[in-house]
Structure formats: structure tokens, C-alpha cells
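The next block holds one structure in the form of C-alpha cells; read it before the comments.
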Amino acid sequence: MAEEVKTQVTMDQLVSLCKRRGFVFQSSEIYGGLSSAWDYGPMGVELKNNIKDFWWKAMTGMYDNIVGIDAAILMHPKVWEASGHVENFSDPLVDCKQCKLRFREDNLEEENRTSRTCPDCGGELTESRQFNLMFSTHLGSVEETGSIVYLRPETAQGIYVNFKNVLQTSRQKIPFGIAQVGKAFRNEITTKNFIFRTCEFEQMEMQFFIHPSEDRKWFEYWKEQRWEYYLELGIRENKLQFHQHGPDELAHYAKDAYDIQYEFPFGWKELEGVHNRTDYDLRRHGEFSGKDLKYLDEATGERFIPYVIETSAGLTRTVLTVLSDAYEEEQIDEKEGRTVLRFHPDIAPVTVGVFPLVKKDGLAELAQDIEKELRSDFSTFYDQGGAIGRRYRRQDEIGTPYCVTIDYQTKEDKTVTLRFRDSMEQIRIPIDEIAGTIRKSTKAYRRV
Ligand code: GAP
């Protein structure tokens with residue numbers, strides 16, 4: 001067993017591992033990089049997709065009153081007038097007259113804010129001005145005002161404008177929810193913290209439509225559900241906390257809002273928001289589009305604009321969360337240490353590593369056959385290079401929860417060694433029990 005576990009990962013350690021093992025690369029790196037944009041490598045894309053699937057199942061799979069959609073990123077420009085984003089979605093920004101760096105005024109230290117000096121070079125700062133966070137572009141080939149469209153800054157609006165379509169086609173009744181995962185864009189000032197805050201990111205949002213009189217009940221319900229979800233995802237509970245928005249923090253659409261925060265290496269920060277958006281969005285879309293977005297309760301005959309409880313999680317921010325939470329360096333014995341990512345098995349990029357002890361005497365072929373068999377159930381990785389200990393370390397570093405080793409005994413009695421990432425325990429089992437044992441262990445998985 002491990003003698004010492006170091007759990008306080010630094011951002012430098014994370015960034016370095018992500019690059020080294022193919023999780024995340026700087027965008028356009030060969031051209032010197034594009035600040036605050038990141039690319040997901042072979043391991044990163046698997047991790048991100050697995051988290052997306054985990055969330056999707058937790059929403060549309062576990063509730064028969066939640067359905068999904070996938071709306072376009074580009075929407076009618078009126079959507080963003082109705083939603084209040086054209087008017088309200090801005091940050092107060094200041095520029096340094098000397099070094100030209102730009103800062104969010106509300107993020108400046110008290111000292112720099114009052115003396116109006118640049119935190120970087122000491123130069124004089126400009127007056128603050130509101131800067132809208134939406135990216136705009138032009139639809140079609142003519143650059144005229146009439147053709148301006150925005151890249152969506154939240155996926156939620158694609159759900160609101162489809163409220164009636166979904167209602168009419170899915171035979172849902174209130175209360176019910178619509179879930180969506182997709183890209184969102186914000187022209188943010190992002191200088192540090194890797195993939196935490198980026199201009200292009202992904203969100204996993206669910207809008208739950210309810211009767212206005214039941215908003216407290218459903219708000220509490222979704223706060224609880226979302227907390228449980230993170231425990232199921234394998235996040236340590238002592239790294240999570242709720243933070244209620246004060247009046248100065250509330251978004252323009254929100255009556256009440258709680259963040260679920262995670263303790264990142266750079267402090268407690270928002271991972272997800274649970275918002276009571278009231279009837280704000282549907283009411284405004286009704287007004288701006290001239291369409292009737294009221295709901296008719298057939299049982300009571302009541303017609304009303306539903307309230308919305310929103311759960312809004314960052315997908316790319318969850319990638320950073322699970323990486324921060326999973327990363328550990330531990331000393332195995334006096335000589336050897338290892339870096340291990342303790343991902344929940346359901347989200348690990350590779351579920352099973354398969355190794356022949358040696359390449360010769362038919363062991364490689366046997367191992368390849370076993371690996372091919374396992375492919376239909378799990379994501380697998382075959383590795384025959386180097387000492388077996390080193391092959392285990394390589395899998396530990398990308399968070400592979402199970403490794404299967406084929407040796408001479410396998411040829412005789414059709415058994416293999418199954419090795420568990422977290423405990424490093426090894427057990428001997430028949431080949432035809434590998435899949436079942438892995439499934440059982442995954443189901444019982446609890447982060448230690
Ligand atoms: N629809 C509501 C909404 O968008 P938000 O609090 O602005 O609410 C929700 O964003 C979540 O989206 C955040 O908790 C965060 O996880 C993620 N997010 C927001 N801006 C982000 C950015 N610039 N980079 C990465 N993730 C971001």
C-alpha cells in the first residue's frame with residue numbers, strides 16, 4: 001500500500017501531465033498558441049465525451065420527464081435582445097494606457113482599483129466601460145448591420161425558443177425538463193487557470209419547467225440532485241460547497257441562484273449554477289416574438305407561463321475539476337513513486353489496459369485476442385512495450401482503472417491477472433470472468 005499520498009495538485013503539475021499524456025494542448029501551438037483557447041487530445045476527448053455521456057444519462061436516462069435537444073449555435077439576433085444579453089451581458093473593463101493590457105475592473109485588487117494603476121506595470125488605467133461578452137459575426141457574405149448574428153453565450157436560449165416544439169412533440173406535461181450539451185462563447189478576459197475560463201467552452205444545461213407556485217420546492221430539489229451527481233461522478237465531497245449569490249452577483253434573469261463550487265488548486269470557484277429564472281425568458285420570448293408561450297394545464301384549465309429552474313454545468317470546467325480531483329502522486333516504496341489519476345471508471349479515457357507479460361511464445365497473440373474480445377464492452381488499450389511495472393505506471397498516469405496481464409499460466413489454465421488502479425491489488429480470474437468482474441467493480445466504485 002502507498003505510504004504517503006500527496007493530494008494538493010498544482011496547476012503546473014496538471015498542465016504538464018495534460019500535455020505529456022495527450023489530454024489538453026494549447027490551441028494553434030505551432031504558431032505560438034492562441035491565448036485562452038485549448039484543444040483536447042486523444043485522452044482529453046475521451047474524458048470529455050465520457051463526462052458528457054455521464055451527464056446525459058443522469059438527465060435524460062434517469063428521468064422520464066427530461067428530454068434532450070441539440071439546437072444551433074447561431075440563432076435569430078432577436079433572441080439575444082429578448083434574453084437581455086444585448087443589454088445586460090457585459091463586464092466592466094479597464095485598459096492600461098502604458099502596456100495596453102486589459103482587466104476586469106471587478107477583479108482588480110482594491111489598491112489598483114482605487115489608485116487606478118495597472119497591476120502589471122504600474123501604468124495609468126483608463127476609465128471603466130461596459131464591454132459586451134457576446135461574439136458577433138455576419139451571416140452571409142455582406143457585412144451589413146442587418147445580418148449580424150451572435151455566437152450563443154449560453155445554450156439555454158436554444159431550449160426556451162423550442163419550448164413549444166418540444167411540448168407539442170414529446171407529450172410531456174409540466175413539470176418536465178429539456179437538456180442540452182453544446183458549445184458556448186464569451187469574449188472573456190482570460191489570463192490564467194488553464195481551461196477554467198475560456199472564450200470557447202461547452203455547457204451541459206437543463207431547463208426544468210414548473211408551475212410558478214412550486215419554485216422553492218423544485219429549486220431545493222435540483223440543488224440536492226446536482227450535489228449527489230458530483231458524488232456519483234467520483235468527486236470528493238469535502239472539495240464541494242454551495243455558494244448563494246448575493247444581490248450584486250445575481251444574473252439579470254435570476255431570482256435566486258446557488259453555485260456548486262469546487263476547491264481548485266487556485267481556490268474555491270464555481271463549477272455549476274442552479275438558477276431560479278422565473279418566467280423571465282419565456283415571458284420575454286413571448287413578448288419579442290409575438291407568439292403565445294403559455295402552458296395550458298388540461299386538468300385545471302389554467303393557462304400560465306411556466307417558471308424555470310435551471311441547472312447549468314460547464315463541461316470543459318468539469319474536465320478540469322475531475323483532473324484536479326483525480327490527480328495524486330504517491331510513494332509506493334522506498335524507491336518508487338507513481339502519478340495516478342483516480343477517475344471514476346465510467347469516465348476514464350481507457351477502461352482496461354491489456355498486456356502480455358512477454359511478447360514471445362504466443363502470449364502477445366493471446367493478449368490481443370483477449371483485448372479484441374473486451375473492445376465491444378470497454379474502451380481498451382493494448383501495450384506490449386517495456387517492463388510490466390512501467391506499463392502499469394503509464395496506465396495509472398492516464399487513470400486506467402483496470403489492467404489485465406496475460407502470462408504463461410494463462411496458456412495452461414485460461415486465467416489472467418486483473419490489477420486494480422487504486423489499491424494496486426492483483427487477483428487471478430478466468431478469462432471469461434474479466435468483463436463481469438470489471439462491471440461489478442465499476443458499479444461499486446467509491447472514491448477513497
Ligand atoms: N445558462 C446559465 C449560465 O450560462 P453561467 O453561471 O454564466 O450560467 C454556467 O454559466 C456554467 O458554465 C458555469 O458554472 C461554468 O461551469 C460554465 N462557464 C461559464 N463561463 C465559462 C467560461 N468562460 N469558460 C468555461 N466555462 C464557463
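As a basis for the values below, the full set of heavy atoms in this structure was taken, side chains included, without hydrogen atoms, waters or symmetry mates. Just so you know, ligand 1 is whichever comes first in the structure, and atom 1 is the first atom listed for that ligand. Fair warning: this is a prediction, and the values are worked out from it, not measured in the lab.
- The shortest contact between atom 20 (N) of ligand 1 and any protein heavy atom is with R186 NH1, 3.3 Å.
- Scanning the protein heavy atoms around atom 24 (N) of ligand 1, the nearest turns out to be T198 N, 3.0 Å.
- There is a side-chain donor-acceptor pair under 3.5 Å between Y230 and E272.
- Remark: K269 is not positioned above the aromatic ring of F264, lacking an NZ or CZ atom under 6.0 angstrom from the ring centre and at most 45 degrees off the axis.
- For Y253, every heavy-atom contact with ligand 1 shorter than 4.0 Å involves the side chain, none the backbone.
- For atom 18 (N) of ligand 1, the closest heavy atom belonging to the protein is F201 CE1, 3.5 Å.
- Residues in residues 18-37 take part in no ring pair (Phe, Tyr, Trp, His ring centres under 6.0 Å) pair, two or more places apart or across chains.
- For ligand 1 and R277, the ligand atoms under 4.0 Å from any heavy atom of the residue are 1 (N), 2 (C).
- Side-chain rings of W38 and F194 approach one another, their centers coming within less than 6.0 Å.
- Polar contact check, L271 against ligand 1: a nitrogen or oxygen pair lies under 3.5 Å apart.
- Between F209 and Y295, the ring center distance fails the sub-6.0 Å criterion.
- The protein atom (non-hydrogen) at minimum distance from atom 12 (O) of ligand 1 is Q203 NE2, 3.2 Å.
- Close N/O approach between G314 and ligand 1 is found [any backbone or side-chain N/O within under 3.5 Å].
- Y160 and H285 have tilted rings, their planes meeting at an angle from 30° to 60° on a 0 to 90° scale.
- The distance from ligand 1 to the heavy atoms of E272 drops below 4.0 Å at these ligand atoms: 14 (O).
- Interface atoms of ligand 1 facing S312, defined by a heavy-atom separation under 4.0 Å, are 1 (N), 2 (C), 3 (C), 4 (O), 8 (O), 9 (C), 10 (O), 11 (C), 14 (O).
- Between the side chains of E202 and T316, no donor-acceptor pair of N or O atoms lies under 3.5 Å.
- Here's the thing with T316: none of its N/O atoms is less than 3.5 angstrom from an N/O atom of ligand 1.
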Q: Show your working on side-chain contact (heavy atoms from CB on, under 4.5 Å) between N276 and Y307 and close with a plain yes or no.
A: CA-CA 8 Å; N276 179 352; Y307 266 34; 4.0 Å; yes
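- Short contacts between ligand 1 and E188, defined as distances under 4.0 Å to a heavy atom of the residue, involve ligand atoms 20 (N), 22 (C), 23 (N).
- Within the listing of ligand 1, atoms 24 (N), 25 (C), 26 (N) sit less than 4.0 angstrom from a heavy atom of F196.
- At least one N/O-N/O distance between E205 and ligand 1 falls below 3.5 Å.
- Within ligand 1, the atoms closer than 4.0 Å to a non-hydrogen atom of E310 are 1 (N), 2 (C), numbered from 1 in the order shown.
- Under the 4.0 angstrom criterion for non-hydrogen atoms, H275 is in contact with ligand 1.
- The shortest N or O to N or O distance between E154 and ligand 1 is below 3.5 Å.
- For the pairing with D256, the side chain to side chain donor-acceptor pair (under 3.5 Å) check across R277, Q244, H245 returns one residue only, Q244.
- Near E270, meaning under 4.0 Å from one of its heavy atoms, ligand 1 places the atoms 6 (O), 13 (C), 14 (O).
- In terms of heavy atoms, R102 sits closest to R129 at NH2-NH2, 2.9 Å.
- Centroid-to-centroid, the aromatic rings of F185 and F201 stay 6.0 Å apart or farther.
- No part of R152 comes within 4.0 Å of ligand 1, judged by heavy-atom distances.
- Note: F242 and W227 meet the aromatic proximity criterion, with ring centroids under 6.0 Å apart.
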